[in-house]
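Dropping a structure here in structure tokens format, bear with me for questions.
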Amino acid sequence: MDANLYTLFRSHFSEGPEQPFAMVPDGPVIHYDELAALSARYAHALRDAGCNPGDRIAVQIDKHWQVVALYLACLRAGCIYLPLNTGYQRSELAYFFGDSEPRVVVCRPEAEGVIAPLAPTAKVLTLGAAGGSLIERARNAPDDFETVASAPDDLAAILYTSGTTGRSKGAMLTHRNLASNAVTLVEEWGFVRGDVLLHALPIYHVHGLFVAIHCVLLAGARMLWLSKFDSVEVTAMLPRATVMMGVPTFYTRLLAEPSFGREACRTMRLFVSGSAPLLPETFTAFEARTGHRILERYGMTETGMNTSNPLDGKRIGGTVGPPLPGVDLRILDEQGTPCAPGIVGAIEVKGPNVFPGYWRLPDITRNEFTVDGFFRTGDLGTWTPEGYVQIVGREKDLIITGGLNVYPREIEEYIDALEGVAESAVIGLPDADFGEAVTAVIVPRPGQALSEHAIISALKADIAGFKVPKRILFMAELPRNAMGKVQKNILREHAADAIKSVLSP
Ligand code: AMP
């Protein structure tokens, strides 16, 4: 049977102009029949440019609804969609093009001169709001295209991991991986044709591209398509939506917006959060302000979504819910024994959602899977008594000080609860005595003067001495990537420099 993801989506589209697919504020309304026709024309244009099934199509373009048609065109032509963060610069792009060897690169018209020399063996096509060579090539192509039949294990996409630690690797995702996760999420989150998803996420990442758009396509629902997140615009648009998916920063920014409240949420049925930890404090404040309990879920590029708080049933702040149906999730201690609730261990997952490996990295792939086929996520977590998963942090962020393990998240929660603290990040810095020294970087609330001494004294009353930061640094803001993840590698460099300059002025 044909396992092409587009074929699955297509069976849920409605025909004709009655059902919009995307509504762009102050812009066009795009219907499902237009989306299908444009994806056919782009598929013809790709094929005419020499693309065959299995070829990689690298895409670095600003968020525009036509990018969704391009993504679908790649699926239809049996090609592998390879989206790139719009922030990537020359040296990063050269690495991605060299590693993935795309047949075609699609970029903004104004970037063509920069991109072409970086991808000398690829054909460069352009797509922008005001036109581009892909649009020209597709203009007179037929509105129909016979979608290539795909096997479940054929690759549909390669997504480079966000690389907050180490070099970015290409995660290969199959039609089966994406389809199985999409079907599960539509069911679990109750997506129906009448839903309107407010889409303000970037579309080069698993969250905005797969989780959000797949739920919509598979339900034949529609989207309010925003080019970026702006709390004033989102507050104004929410009364036209029923669902929003966001990173935690969306929620903290909405809470900081005075006009945001119950009235703005009157048509909403669901708020979903993921990609980075949602502070329990944000969960509570959001419920108090709007009456909605944010549904937090946990996933990653390599696996899609693994766990989710329930649609109906208890959503617990600070947890990411139980494993999704079909996902086998275990938490193991250092000896490989399953952890009892409350004990922290390494999270491993297995299921149809889990990727087959990293592009052209068979050795690394082998190391990241256990002999019985579980993927080592690199995340540390624990079971709650209810059988929900709580994420404690990344294995690589674990601090070992004087031989003892310190989980940054635990210390961050204590610090965040202190008066005058807006947020914090805890890292380990090399230390001659301890191996690593627990170090906290704190963002004070506006107008608050905090002292290192006072914070350390307050923490000493709450937690064991070895967990208390040896040093505290203050910053106006934490460095985050586009998905709201704190970039601890940057923070480590910054903190090490700051401490050095204090010691040797
Ligand atoms: P990415 O591949 O960019 O989506 O990053 C995946 C990583 O983000 C996971 O391995 C987790 O470390 C983190 N992550 C995703 N969702 C959550 C969540 N709800 N809470 C805590 N961390 C999360």
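Count residues from 1 along the sequence. Read the numbers this way: they start at 1 and go in the same order the structure lists the ligands and their atoms.
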- Under the salt bridge (Lys or Arg N to Asp or Glu O under 4.0 Å) test, which residues partner Arg330, sequence neighbours left out?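 Applying salt bridge (Lys or Arg N to Asp or Glu O under 4.0 Å) to Arg330 gives Glu348, Asp372.
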
- Message: With a cutoff of 4.0 Å, is Val206 in contact with ligand 1, counting heavy atoms of the residue only?
- Response: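 Judged by the 4.0 Å heavy-atom criterion, Val206 does count as contacting ligand 1.
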
- Message: Under 4.0 Å from a heavy atom of Arg394: which atoms of ligand 1 are those, numbered in the order shown and with their elements?
- Response: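 Those atoms are 10 (O), 12 (O).
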
- Query: Which option out of Glu296, Met305, His205, Met483 puts a heavy atom nearest to atom 20 (N) of ligand 1?
  - Reply: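 The nearest heavy atom belongs to Glu296.
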
- Is Lys350 salt-bridged to Asp328, going by a charged N under 4.0 Å from an acidic O?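 Salt bridge absent between Lys350 and Asp328.
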
- Message: I need the contact type for Ser273 against ligand 1. Using non-hydrogen atoms and a strict under-4.0 Å cut-off, is it side chain, backbone, both or neither?
- Response: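 Contact part for Ser273 vs ligand 1: neither.
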
- Message: Would Asp379 count as being in polar contact with ligand 1, using the rule that some N or O on each side must be under 3.5 angstrom apart?
- Response: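 N/O-N/O distance below 3.5 Å exists for this pair.
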
- Task: Please find out if less than 6.0 Å separates the ring center of Phe260 from that of Tyr251.
- Result: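 Aromatic pair excluded; centres sit 6.0 Å or further apart.
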
- Run down the list Gly299, Pro277, Gly274 and name the one with the heavy atom closest to atom 22 (N) of ligand 1.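 Heavy atom nearest to atom 22 (N) of ligand 1 belongs to Pro277.
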
- Task: Look at Lys488 together with Glu412 and state whether they make a salt bridge at an N to O cut-off of under 4.0 Å.
- Result: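 Glu412 and Lys488: salt-bridged.
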
- Has Arg269 got its NZ or CZ under 6.0 Å from the middle of the six-membered ring of Phe191, at an angle within 45 degrees of the ring axis?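 Geometry flag: set, cation within 6.0 Å and 45°.
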
- Mark up the atoms of ligand 1 that fall under 4.0 Å of a heavy atom belonging to Thr301, in ascending order.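 Going through ligand 1 atom by atom, the ones under 4.0 Å from Thr301 are 1 (P), 2 (O), 3 (O), 4 (O).
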
- Query: Does at least one non-hydrogen atom of Thr161 fall below 4.0 angstrom from an atom of ligand 1?
  - Reply: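 No.
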
- Message: On a heavy-atom basis, I'd like to know which of Ser275, Ala171, Gly304 is closest to atom 13 (C) of ligand 1.
- Response: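 The nearest heavy atom belongs to Ser275.
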
- For residues Ser180 and Asn353, is any side-chain donor paired with an opposing acceptor at under 3.5 Å?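 Asn353 and Ser180 do not have a side-chain donor-acceptor pair below 3.5 Å.
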
- Message: Check this for me, if you would: do Asp153 and Arg176 make a salt bridge, where the nitrogen-to-carboxylate-oxygen distance has to be below 4.0 angstrom?
- Response: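 Salt bridge present between Asp153 and Arg176.
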
- Message: Evaluate Thr377 for polar contact with ligand 1, using N/O atom pairs at a separation under 3.5 Å.
- Response: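 By distance alone, the answer is no.
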
